[in-house]
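One structure is given below, encoded as structure tokens.
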Amino acid sequence: MRHWLMKSEPDEVSVDDVAAMPKKTVPWFGVRNYQARNFMRDHMQVGDPVFFYHSSCPEPGIAGIARVASPAYPDATQFEKGKYFDAKSTHENPRWMNVDVQLVKKIRLVGLPELRAHPELADMTILQRGNRLSITPVTKAEWEFIVALAAKPAP
DNA sequence: GCCAACGTTGGC
DNA sequence: GCCAACGTTGGC
């Protein structure tokens, strides 16, 4: 079992949006980066724990705990008109895949400055300079540290 | 809105 | 296969 962090822009899909979904589950559509796709397609397993991260918003940070809820399957939005359409993708040979993600629980927001304040988390991919990858592995130690952090009051 | 960092594209 | 140009991400 691996642990993951998945970024979403809350303007598009927030933790609260997912909490309102049937079964609290959403297809993680819109990933258009090969490395992130490969994580979903080749490395995720149903049940893997996921941090739900809010990005490109006033308070970026980890906002929820979720789990991988399905194997990867073709991302429907690549075939639909809109910002995620990909003319080079076909049903026979789809380029983009997604898993379903199910929200387990909302947590207090553990913001970026708070994450950066802990030396235990200094190696997290998300905190590295220039990192833009929307899906990144998280180590077990990082996972457990952040879960414990979220259980404490906001600093 | 700015801009650093990065991924992708396409000409050669 | 190189690499410049371009587009995107995402924090600030």
Test item: A:R41 side-chain N/O and A:Y73 main-chain N/O as donor-acceptor pair under 3.5 Å: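 A pair under 3.5 Å: no.
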[X] with [Y]: basic N within carboxylate O range, under 4.0 Å:
X      : Y      : answer
A:R95  : A:D86  : yes
A:K152 : A:E114 : no
A:D100 : A:K23  : no

Within this structure, what is the [atom1]-to-[atom2] distance between [X] and [N], rounded to whole angstrom?
X      : N      : atom1 : atom2 : value
A:L115 : C:dG11 : CG    : P     : 11 Å
A:L133 : B:dT8  : CG    : C1'   : 15 Å
A:I62  : C:dG11 : CD1   : P     : 12 Å
A:L127 : C:dG11 : CG    : P     : 10 Å

Aromatic ring proximity A:F51/A:W4, centre distance under 6.0 Å: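 Not close enough - the centres of the two rings lie 6.0 Å or further apart.
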Centroid separation A:Y34 to A:W96 less than 6.0 Å: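 When the ring centroids of A:Y34 and A:W96 are compared, they turn out to be within the sub-6.0 Å range.
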Close approaches to DNA chain B from residues 106-114 of chain A, in residue order (heavy atom, under 4.0 Å):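 Output list: empty, so none.
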Within residues 83-101 of chain A, residues whose heavy atoms come under 4.0 Å of DNA chain B: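 Residues of residues 83-101 of chain A that come under 4.0 Å of DNA chain B do not exist, since none gets that close.
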A:K7 side-chain N/O to C:dG10 phosphate OP1/OP2 under 4.0 Å: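 Yes, A:K7 has a side-chain N/O under 4.0 Å of OP1/OP2 on C:dG10.
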A:P60 to A:C57 - nearest heavy-atom pair and separation: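 Scanning both residues completely, I find the closest heavy atoms to be CD-O, 3.4 Å.
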Distance-minimising heavy-atom pair for A:A63 and A:K106: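 A:A63 and A:K106 have their closest heavy atoms at O-CG, 3.6 Å.
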I'd like a table of atom pairs between the protein and nucleotides 3-7 of chain B - only N or O on both sides, under 3.5 Å - with the distance next to each one.
from: B:dA4; atom 1: O3'; to: A:R129; atom 2: NH2; distance (Å): 3.2
from: B:dA5; atom 1: OP1; to: A:R129; atom 2: NE; distance (Å): 2.5
from: B:dA5; atom 1: OP1; to: A:R129; atom 2: NH2; distance (Å): 2.2
from: B:dC6; atom 1: O2; to: A:R132; atom 2: NH1; distance (Å): 2.8
from: B:dC6; atom 1: O2; to: A:R132; atom 2: NH2; distance (Å): 2.7
from: B:dG7; atom 1: O4'; to: A:R132; atom 2: NH2; distance (Å): 3.1

side-chain contact (heavy atoms from CB on, under 4.5 Å) assessment of A:E142 paired with A:L5: CA-CA 11 Å; A:E142 290 162 350; A:L5 182 145; over 6 Å; no
Student check: side-chain heavy atoms of A:V101 and A:M6 closer than 4.5 Å: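 Yes, close enough: below the 4.5 Å cut-off.
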Whether A:Y84 and A:F29 hold their rings parallel, tilted or perpendicular, with breakpoints at 30° and 60°: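 Rings of A:Y84 and A:F29: perpendicular, as their planes differ by over 60°.
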